[in-house]
Amino acid sequence: MKYSIVIFILVFCTLKINAQNLNNVQFPEMIRPQVRKEISIPDIPEYLTLKCDFHMHTVFSDGIVWPEVRVDEAWREGLDVIAITDHIENQPSKKFISGDHNSSFELAQKEAEVKNIILIHAGEITRSMPPGHLNALFITDANKLDVEGAEDALKEAKKQGAFIIWNHPGWKAQQPDTCLLMPMHEDFLRKGLINGIEVFNEKEYYPVTLDWCLKRKIAVIGTSDIHDITSMIYDLVNSHRPMTLVFAKSRTLESVKEAMFSNRTVAYFGNMLAGPEYLLNEIFKASVKIRSTGHSDEDKQDLFEVSNTSAIQYVIDFGSDDKLTLQPGASVIIPSNNMLRGEIKIVNLLTGTNQCLHTKFSFQN
Ligand SMILES: [Zn+2]
Ligand SMILES: [Zn+2]
C-alpha cells in the first residue's frame with residue numbers, strides 16, 4: 001500500500017515538472033509587492049499638504065545605504081519630498097568610495113524622477129557646538145560648502161539660495177544638559193543664516209525649540225536623520241517616520257521652497273503635530289467633520305456623528321476630564337451635549353512649548 005502511494009507521488013510530481021520549463025521555474029509569489037503606503041493627511045484651503053523628510057544620510061557620509069535606496073524608502077513610505085544631507089566634513093567610508101559632495105544627489109536623481117519624489121540638493125554643515133550641525137537645502141554645488149569657517153559655509157550656501165535648518169539643537173552628544181540658543185545662533189538668526197529649527201530629530205523632541213521657532217517666525221521642522229535602513233529603526237506598519245508637513249501652492253521644488261521660507265510647515269512625529277496654530281487648526285478642520293445623525297428616543301437626545309478621514313489620531317479634550325480619542329479613518333456617534341458646541345482642546349496638536357490647539361467643531365448639515 002505504502003509503495004503504491006510513493007509511486008503515485010513520483011508520477012504526479014514528474015507530470016507537474018514536465019509541464020514547466022526545466023531550465024527556469026519562476027516563483028513570483030516569493031517577491032514582495034512594490035507597494036507605496038499612502039499617508040492620508042488632507043490638503044488645506046489654497047495649499048497641498050506635502051510629506052517631507054529633510055534630513056538623511058547615505059554611504060557618502062556616515063549612512064549605510066546607497067543614495068537610490070533613500071528614494072525608494074521615501075516612495076514606499078508615502079513621502080513627496082526628500083533632501084539627502086550627507087555631512088560635508090564627515091565621510092568615514094571615503095577610503096572605499098570615491099565621488100564628491102554632490103555624488104549622493106546625482107546618484108539619486110534618476111530614481112527620484114521615476115518614483116515622482118521631489119529631490120532637494122542639500123548637505124549638512126557639521127561643526128561642534130556652537131553652532132552645531134546645520135542643513136543647507138536647495139543648494140546648487142555642495143563642494144563649495146567645504147570651507148574652513150562655519151559662517152563662511154553658511155554664507156556660500158545662502159549665495160546658492162539655500163534654506164538653512166539648525167539640526168538637533170538638544171542632541172545630548174553636543175548639548176548634554178539643555179537646549180541653548182547661544183549668541184552665535186542669535187547672530188545667525190539676525191543675519192538670516194538660520195531659517196528653521198528641527199524641533200524633532202530621529203526620536204527626540206525638543207519642546208523649548210517650538211516656542212523659539214514660533215516667536216521668531218521661522219519654520220518648524222521634524223526629520224528622521226536616518227543613517228540606517230528606515231524599516232530597521234521605525235515601526236512603519238503601525239506608525240511612520242518623523243517628517244515635516246509642508247503646505248505648498250503646487251507639487252514642485254519651487255513651491256516647497258516658497259512654503260518653507262513662508263514658514264508653512266508642521267513637524268509630524270509619532271501621534272503629535274507641532275507648528276503654527278492656524279495650520280494645525282486647518283488640518284484638524286479638514287480631517288474631522290461633525291454632523292447631526294438623528295435622535296435617540298431612549299436617551300431623549302440628538303445624536304451627532306464625528307468622522308476623521310485622516311491618518312492622524314486626534315485626542316479631543318472637552319474639559320472636565322471628558323476626552324475622546326478619534327482613531328484614524330474612523331467615525332463615532334455621540335449624543336448631543338453642550339460640550340460639542342463649546343471650545344475643545346486637541347491634546348496632540350502642539351501650538352507652543354506648553355500649549356495645544358484650542359478650537360471648535362465646525363458643524364455640517
Ligand atoms: Zn547632525
Ligand atoms: Zn545628520
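Computed over heavy atoms, backbone and side chain alike; hydrogens, waters and symmetry mates excluded. Predicted, not measured: the structure shown is a model, and the values here were computed from it. Note that ligands are numbered from 1 as they come in the structure, with each ligand's atoms numbered from 1 the same way. Along the sequence shown, the residues carry numbers beginning at 1.
Under 2.8 Å from the Zn ion (ligand 2) lies an N/O/S atom of His55, whether from backbone or side chain. Taking 2.8 Å as the threshold, His168 counts as a candidate ligand of the Zn ion (ligand 1), since one of its N, O or S atoms lies below it. Backbone or side-chain N, O or S atoms of His133 do not reach the Zn ion (ligand 2) at under 2.8 Å. Taking backbone and side chain together, Asp225 holds no N, O or S atom under 2.8 Å from the Zn ion (ligand 1).
Residue Lys360 places its NZ atom among 12 or fewer non-hydrogen atoms of other residues, nucleotides or ligands, all under 6.0 Å distant. Atom NZ of Lys115 has more than 12 neighbouring heavy atoms from other residues, nucleotides or ligands inside a 6.0 Å radius.
If you take CG on Asp235 and OG1 on Thr230, they are separated by 11.5 Å, rounding to the nearest 0.5 Å.
The closest side-chain donor-acceptor pair between Thr126 and Glu89 falls under 3.5 angstrom.
Put simply, the angle at the Zn ion (ligand 2) from OE1 in Glu124 to NE2 in His57 is close to 90°, to the nearest 10°.
Checked by atom type and distance alone, the side chain of Tyr234 pairs as donor or acceptor with a backbone atom of Glu202 at under 3.5 Å.
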